[in-house]
Amino acid sequence: MSGLSGTAELKVGAGAIQSSVNLLGPAFEVGSNFKVHLHALPCAAGGGGHYQDPSNPGVADYFGEHWPETKCYARECRGQAVSSWQPLEGDLSGVLSIVIHDTVHVNTSV
């Protein structure tokens, strides 16, 4: 998507993770949203599949995965999520990615 910029941040705390996503663009339809998920591989490696709670793999819902989906307000989209689990220590060293799917315009990833 042309003219899009933003940030995605993942914070790891005691027994939980928190993320925030902020996007700026030329214009978004108010109320639309981008689907956002924590993925198992870096973006450079295609993102892999959705990263899931390591203590409960195979559960593909809001609790078993991390979904900081965004909501759009004209030129800005914001989202955040908190999950009461943590990724494996080894996965935190550059393996994970936050993938933003362009579900607003087409079904692709940005």
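These numbers come from the heavy atoms of this one structure, side chains and all, not from hydrogens, waters or symmetry mates.
Here the two rings, on His37 and His66, have centers that are 6.0 Å apart or farther.
Legend: salt bridge (charged side-chain N to carboxylate O under 4.0 Å, His left out) pairs involving residues 76-91, not counting sequence neighbours, sorted by first then second residue: Glu76-Arg78. Sequence neighbours left out, the pairs with a member in residues 31-56 that pass salt bridge (charged side-chain N to carboxylate O under 4.0 Å, His left out) are Lys35-Glu69.
Residues Tyr62, Trp67 make up the rest of the hydrophobic cluster containing Phe63, defined by ILVMFWY side-chain heavy atoms closer than 4.5 Å, directly or through other members. Through direct or relayed side-chain contacts under 4.5 Å between Ile, Leu, Val, Met, Phe, Trp and Tyr, Leu24 connects to no other residue.
Note on Ile98 and Leu92: same hydrophobic cluster, where clusters join Ile, Leu, Val, Met, Phe, Trp and Tyr whose side-chain heavy atoms are under 4.5 Å apart, directly or indirectly.
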Checklist entry - Hey, mind stepping through Ile17 and Leu38 against side-chain contact (heavy atoms from CB on, under 4.5 Å) and telling me if it holds? => result CA-CA 11 Å; Ile17 55 175; Leu38 188 62; 4.2 Å; yes

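At distances below 3.5 Å, not a single donor-acceptor pair connects side-chain atoms of Gln52 with backbone N or O atoms of Gly64. Distance alone, capped at 3.5 Å, places no donor-acceptor pair between the Arg75 side chain and the Ala27 backbone.
The aromatic rings of Phe28 and Phe34 lie perpendicular to each other, with more than 60° between the two planes, well past the 30° mark.
Taking all atoms of both residues into account, the shortest heavy-atom contact from Val30 to Ala74 is CG2-N, 3.5 Å. Of all non-hydrogen atoms in Val95 and Ala40, the two that sit nearest each other are CG1-O, 3.2 Å. The two residues Gly3 and Pro26 have their closest heavy-atom pair at O-CD, 3.7 Å.
For Glu65, the salt bridge (charged side-chain N to carboxylate O under 4.0 Å, His left out) criterion is met by no residue, not counting sequence neighbours. The side chain to side chain donor-acceptor pair (under 3.5 Å) test applied to Ser97 returns no partner, not counting sequence neighbours.
With contacts defined as side-chain heavy-atom distances shorter than 4.5 Å, the pair Leu88/Tyr51 qualifies.
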